[in-house]
Amino acid sequence: MKRVAVLISGRGSNLGSLIEAAGGSYKIILVISNVEGVAGLDRAQAANIPTQVIPHGGKTRESFDGEIDAALRAANAEIVVLAGFMRILSDGFVRGWEGKLINIHPSLLPAYKGTRVHERVIEAKEALSGASVHFVVPELDAGPVIAQASVPVYPADSPQILADRVLDVEHKLYPEALRLLADGKVKLQNGLAVFT
Ligand code: GAR
């Protein structure tokens, strides 16, 4: 079983789905939040998973990332999963976890990187949106995609309604993608997600 650490900043609904699906290929050994008092921490504690709060305020990106890295190494994490973690990680941190660091983003990447995704999808009158799990590389939301799921976008959608529809598929997609990585069925090789 691979030792997985999850980084969060908020509600942690994806963390919840990863906790539920844990057991075969991976176990969650640590949850780190950069924000105190968030619901995701309660979810972890309810599942008896150790938690740490590492606030980012008043620190350089490098020193914040250094603290996270030290906590991950101390816990012997083998895979690091970003689940609603709303900080950009430094190039050094990302390189240190290359091939072992994944993120979920609420769009069909490479479309709609960054923030305000659902607002922009609706403004552009897209018919489809979705979610992507990808390897993290230094460039934001640009890493090779491991798995994607799509949902329809309806003319009457508000950003919140669309976010909820996307979130629903995120909860199925993320555990499946993590399992692929934990089982060694997908690897980051020469900048590509390679499936074996
Ligand atoms: C999810 O929709 C996730 O895709 C998104 O934040 C939400 C977190 O929800 N992540 C990003 O936008 C990353 N750029 P959760 O805390 O309930 O899992």
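Just the heavy atoms: all of them, side chains too, but no hydrogens, waters or symmetry mates, feed the values below. Whatever order the structure lists them in is the order used to number ligands and atoms, beginning at 1. Sequence positions, counted from 1, serve as the residue numbers for this chain.
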Where does the angle between the aromatic ring planes of H56 and F64 fall among parallel (under 30°), tilted (30 to 60°) and perpendicular (over 60°)?
-> perpendicular
Should Y26 and V31 be regarded as members of a common hydrophobic cluster, given that ILVMFWY residues are connected when their side-chain heavy atoms come within less than 4.5 Å of each other, either directly or indirectly?
-> yes
Any idea which part of I8 is under 4.0 Å from ligand 1, heavy-atom wise: side chain, backbone, both or neither?
-> neither
By number and element, which atoms of ligand 1 are closer than 4.0 Å to a non-hydrogen atom of P106?
-> 4 (O), 5 (C), 10 (N), 11 (C), 12 (O)
So which heavy atom in the protein is nearest atom 14 (N) of ligand 1, and how far is it from that ligand atom?
-> H105 ND1, 3.5 Å
When hydrophobic residues are tied together by side-chain contacts of less than 4.5 Å, even through go-betweens, does V80 share a cluster with Y174?
-> no
So the atoms of ligand 1 within less than 4.0 Å of a heavy atom of G84 turn out to be 6 (O), 8 (C)
Among all protein heavy atoms, pick the one closest to atom 10 (N) of ligand 1 and tell me residue, atom and distance.
-> I104 O, 3.7 Å
Please say whether F85 places an N or O atom under 3.5 Å from an N or O atom belonging to ligand 1.
-> no
Using distance alone, decide if ligand 1 has a nitrogen or oxygen within less than 3.5 Å of any nitrogen or oxygen in N103.
-> no
Which protein non-hydrogen atom lies closest to atom 16 (O) of ligand 1, naming both residue and atom, and how far is it?
-> G12 N, 2.9 Å
Does D141 reach ligand 1 with a nitrogen or oxygen that is under 3.5 Å from one of the ligand's nitrogen or oxygen atoms?
-> no
Step through the shown structure and confirm whether more than 12 heavy atoms of other residues, nucleotides or ligands are within 6.0 Å of NZ on K113.
-> yes
Considering only protein heavy atoms, which is closest to atom 3 (C) of ligand 1, and at what distance to one decimal place?
-> E170 OE1, 3.3 Å
With a 3.5 Å cut-off and no angle check, do the side chains of E62 and S90 form a donor-acceptor pair?
-> no
E36 CD: over 12 foreign heavy atoms closer than 6.0 Å = no
Counting each atom of ligand 1 from 1 as listed, which ones have a heavy atom of N14 under 4.0 Å away?
-> 1 (C), 15 (P), 17 (O), 18 (O)
From S107, G16, S13 - option closest to atom 17 (O) of ligand 1 by heavy atom = S13
Any side-chain donor paired with an acceptor under 3.5 Å for S129 and H118?
-> no
For D157 and R165, what are the C-alpha separation, side-chain angles and deciding distance, and is it a salt bridge (Lys or Arg N to Asp or Glu O under 4.0 Å)?
-> CA-CA 10 Å; D157 280 349; R165 193 177 303 127; 2.6 Å; yes
Heavy-atom count around K59 NZ within 6.0 Å, excluding the residue itself: above 12?
-> yes
What's the shortest distance from atom 9 (O) of ligand 1 to any protein heavy atom, and which residue and atom give it?
-> R11 NH2, 3.0 Å
